[in-house]
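Inspection log for the structure reproduced underneath, given as structure tokens.
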Amino acid sequence: MAEENGHGAFSILQFCKWAGIGRSLAYKEIESGQLKIKKVGRRTLVTMDAARDWLHALPGGAG
């Protein structure tokens, strides 16, 4: 799992728990380009940096 210091990566399910969103929304954010992912074989990962970037880009000044 990703560490708070910016190292590591989340699976999609771990990211959803961290962000408090559902998988459908996560995949919509990926499709729209708002959430950057990395593919490792068949696995889809969200780096901690990408997760923070996504959070800070949300409307309403999340960061």
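Atom CD1 of Ile37 and atom OG1 of Thr47 lie 11.0 Å apart (nearest 0.5 Å). Distance check: Ile12 CD1 to Arg23 CZ gives 8.5 Å after rounding to the nearest 0.5 Å.
Criterion: ILVMFWY side-chain heavy atoms under 4.5 Å apart, direct or through other members. Under it, Leu55 and Leu45 are not part of a common hydrophobic cluster.
Residues Trp18 and Arg52 approach most closely at CH2-N, 4.2 Å, considering heavy atoms.
Pairs engaging residues 34-45 under the side-chain hydrogen bond (donor to acceptor under 3.5 Å, both in side chains) rule: Lys39-Thr44 [sequence neighbours left out].
Qualifying side chain to side chain contact (heavy atoms under 4.5 Å, CB included) partners for Ile21, counting only residues two or more places apart in sequence or in other chains: Phe15, Cys16, Ala19, Leu25, Ala26, Trp54.
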